[in-house]
Amino acid sequence: MLGICSRMVKVGMAKPCGVVKPCYLVKPVSSSRMTGRYLSHQKGLPNLPVPPLQQTCERYITALEPIVEVDELTHTKELLADFQKPGGVGERLQRGLESRACNTENWLSEWWVQVAYLDYRLPVVVHSSPGLVLPRMEFSDKQGQIRFAAKLIAGVLDFKTMIDNETIPVEYLGGKPLCMNQYYEVLSSCRIPGVKRDAVVNHAKSSRRPQHITVVHNFQFFVLDVYNSDGTPLTADQLFVQLDRICSSSLQTNTEPVGILTTQHRDIWGKAYINLIKDRTNKESVSAIQRSIFTVCLDGPMPQVPTNAHRSRAAVQMLHGGGSPWNSGNRWFDKTLQFIIGEDGTCGANYEHAPAEGPPIVALIDHVVEYTRKPEMVPSAKVPLPMPMPKKLHFNITPELKKDIEEAKRSMNVLAEDLDVRVIVFNHFGKNVPKAHKMSPDAFIQVALQLAYYRMYQQCCATYESASLRMFRLGRTDTIRSASSASAAFVKAFDDPNKQNTEKVALMEKAVKAHKAYTNLAISGQAIDRHLLGLKMQAAEERISTPKVFKDTSYAKALHYRLSTSQVPSKTDCVMCFGPVVPDGYGVCYNPMNEHINFAVSSFNTCKETNTADLAHAVENALLDMRMLLEQTPRAKL
Ligand code: COA
């Protein structure tokens with residue numbers, strides 16, 4: 001989201017580093033609460049390495065080749081030679097980083113959360129928080145909406161039991177076990193706005209673990225206790241009764257949408273927040289939302305669209321709610337996890353990105369969707385325990401707050417107008433075709449994206465793909481730079497009538513292999529982007545002036561990701577979506593299933609050079625043309 005996950009490197013570029021103070025923000029799970037299982041798994045994971053300085057400098061030059069001018073590259077080479085010289089600033093910063101790596105669990109993760117998320121001041125809506133679109137469910141009225149919501153909540157509580165018991169199966173990537181910390185960060189946590197920097201609090205770590213969720217309906221928030229007095233989670237039937245009570249007591253639609261404040265620019269929201277919580281009732285209400293395990297948004301209607309546009313409209317609903325006349329005020333966007341359920345079978349989620357990447361969120365949602373598909377359980381013969389009425393959260397709206405809300409509505413509506421997001425289901429093939437041609441499906445899709453972009457703009461652009469660093473303790477992400485010299489050679493040759501097909505296939509194979517090779521080095525902690533960021537942060541830490549390599553045009557170009565992309569696979573036929581990270585760029589998230597691929601593509605309407613539908617169309621054509629080339633061209637035996 002980053003793209004994220006984070007394509008948020010955007011921030012590394014957007015903002016020169018100030019002096020970095022140690023921060024507490026997203027800390028690993030408190031060991032006092034954990035039993036041995038989680039901790040012993042975590043202890044067994046390796047530490048994130050600091051790559052060798054020379055290796056990163058060399059790889060940086062290689063990565064710049066397809067995206068900067070010759071003279072810019074020459075200049076950067078000179079800067080790098082100076083940066084790396086024996087006894088120079090590069091060596092000093094490298095030593096500093098290596099020492100940080102020896103003294104922390106992960107030299108990068110705390111810095112990363114701070115720079116990529118908490119110091120980032122644009123609204124979390126669209127700019128940072130991804131949406132997740134689930135397949136349309138089979139209900140089309142209020143009762144169906146509540147019935148589904150009840151099952152969904154029961155499913156999340158079922159998953160939470162695994163978190164609480166530390167029984168989530170360890171995940172693997174390339175045969176290596178992954179860090180599981182993010183699972184412990186997504187429930188009972190919330191972002192808190194600040195005037196210059198935000199924070200994240202995680203109440204799962206407190207001795208009094210939250211027992212409630214928040215439900216929002218017609219812009220009104222309710223606390224719903226989801227555990228019985230004997231400690232058992234409420235059943236779907238009990239939850240249905242409670243949700244029905246909530247809906248019946250919040251029928252009026254003229255409530256001030258306090259939640260819309262969370263869609264604002266972070267500095268503005270930070271100031272309004274101070275105002276909001278001056279009032280004791282407001283403070284208690286906000287605290288109840290922040291402490292809750294998660295939020296469920298029972299949405300009102302969305303604009304009518306033809307059936308074939310339903311998924312794209314769902315992406316809008318999950319990303320920002322459609323603007324203030326629709327559901328943008330029916331949210332608390334600072335909440336780490338919000339499940340969103342429409343009246344017409346639309347459902348999905350929105351998550352605040354600071355604590356986690358998409359894959360753990362999707363794993364949770366896969367579990368929940370499976371749970372909701374289980375046949376309804378026969379209500380138990382036991383007399384249900386009495387349930388207190390869900391408590392409505394009240395807000396006192398002063399004239400100043402009313403003004404803040406109106407301003408937030410205006411900004412949200414401008415943003416909603418600006419974002420063009422489309423979901424496309426590419427149903428000609430999925431992972432099956434690249435696999436049959438002995439190619440990595442992810443690399444194949446990324447090369448197709450390069451071809452699509454080149455066909456539209458006759459140039460290559462800096463491209464971000466998220467790579468997981470979860471092989472390392474507390475690992476988050478690094479960047480796979482999908483625009484490579486090999487991909488550039490391929491896209492330039494593809495539509496060249498003077499090139500033979502055999503040559504084009506050879507270039508495609510090279511490009512796909514180069515992408516896979518970069519992926520492998522990224523997931524093993526040897527990519528360049530987080531290392532460069534670390535060196536820059538170290539300079540700020542040591543209070544020395546930012547080295548010239550980070551003020552260079554090439555560096556700015558390298559971080560201006562016109563294509564911000566991410567693969568978020570899932571068992572469920574869903575797709576994650578996010579906004580572009582630069583005004584003239586695209587966000588592209590995809591879920592490659594075996595026989596089809598779901599894409600969510602976004603761009604801003606205010607940018608005259610970008611067009612979501614055109615890129616989506618170009619991607620489809622690129623995938624089809626690449627398959628046709630492979631099928632029409634006999635290949636030498638491998
Ligand atoms: N021939 C045949 N099959 C191949 C192949 C080849 N040359 N190369 C790969 N495959 C197979 C793999 O074995 C795998 O098989 P499976 O479907 O049975 O699991 C499948 O193709 C997919 O592999 P690939 O397409 O190479 O991708 P990947 O699963 O290794 O994922 C990344 C690549 C970059 C997405 C992954 O490493 C990663 O980092 N994911 C995290 C991204 C993230 O955090 N996103 C969140 C952002 S919020």
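Quick note: residue numbers are just sequence positions, from 1. Scope of the values below: all heavy atoms of this structure, side chains included, with no hydrogens, waters or symmetry mates. Counting convention: from 1, in listed order, for ligands and their atoms alike.
Contact check for H320 versus S129: no side-chain heavy atoms found under the 4.5 Å cut-off.
No N or O atom of T477 sits closer than 3.5 Å to an N or O atom of ligand 1. The N/O atoms of G358, backbone and side chain alike, include none that comes under 3.5 Å of an N/O atom in ligand 1. Distances between N or O atoms of T519 and those of ligand 1 include no value under 3.5 Å. The shortest N or O to N or O distance between E357 and ligand 1 is not under 3.5 Å. Below 3.5 Å of separation, one finds an N or O of K431 facing an N or O of ligand 1.
Listed by number with element, the atoms of ligand 1 under 4.0 angstrom from any heavy atom of Y351 are 48 (S). Of all atoms in ligand 1, listed by their number and element, those nearer than 4.0 Å to a heavy atom of K438 are 1 (N), 6 (C), 7 (N). Near I523, the atoms of ligand 1 lying under 4.0 angstrom from a non-hydrogen atom of the residue are 37 (O), 39 (O). Every atom of ligand 1 is numbered from 1 in the order shown, and the set under 4.0 Å from a heavy atom of A467 is 39 (O). Heavy-atom contacts of I480 reach the following atoms of ligand 1: 34 (C) (cutoff under 4.0 Å). Against a heavy-atom cut-off of under 4.0 Å, E465 is close to the following atoms of ligand 1: 34 (C), 35 (C). For ligand 1, the atoms lying closer than 4.0 Å to a non-hydrogen atom of S566 are 45 (N), 46 (C), 47 (C). Under a 4.0 Å criterion applied to the non-hydrogen atoms of S468, ligand 1 contributes the atoms 38 (C), 39 (O), 41 (C).
Residue contacts with ligand 1 include K516, since one of its heavy atoms falls under 4.0 Å from the ligand. Contact annotation: I445 has no heavy atom less than 4.0 Å from any atom of ligand 1. Proximity of Y590 to ligand 1 is not established, as no heavy-atom distance is less than 4.0 Å.
Of the candidates S466, A356, P441, G174, the one placing a heavy atom closest to atom 43 (C) of ligand 1 is S466. Here the shortest heavy-atom distance to atom 36 (C) of ligand 1, taken over L173, L178, V568, belongs to L173.
Residues satisfying the ring-ring contact (aromatic ring centres under 6.0 Å, His included) criterion with F426, sequence neighbours excluded, are H428, F429.
Contacts with ligand 1 closer than 4.0 Å are made by no heavy atom of F578, backbone or side chain.
Between D529 and R59, none of the side-chain N atoms (NZ, or NE/NH1/NH2) sits under 4.0 Å from a carboxylate O, so this pair counts as no salt bridge.
A donor-acceptor pair under 3.5 Å is absent between the side-chain atoms of D366 and the main chain of L364, judged by distance alone. Listed for the W107 side chain is a donor-acceptor partner under 3.5 Å among the backbone atoms of P49. At least one donor-acceptor pair under 3.5 Å links the side chain of K504 to the backbone N or O of F494.
The aromatic rings of F599 and Y590 lie tilted to each other, with the angle between the two planes from 30° to 60°. By the 30° and 60° cut-offs, the orientation of the rings of W332 relative to W269 is perpendicular.
Donor-acceptor pairing under 3.5 Å is recorded for the side chains of T565 and Q446. For Q526 and H531, the side-chain atoms include no donor-acceptor pair closer than 3.5 Å. Inspection of the D573 and H596 side chains reveals an N or O donor paired with an N or O acceptor under 3.5 Å.
Contact detail for I67 and A483: the closest heavy-atom pair is CG2-CB, 4.2 Å.
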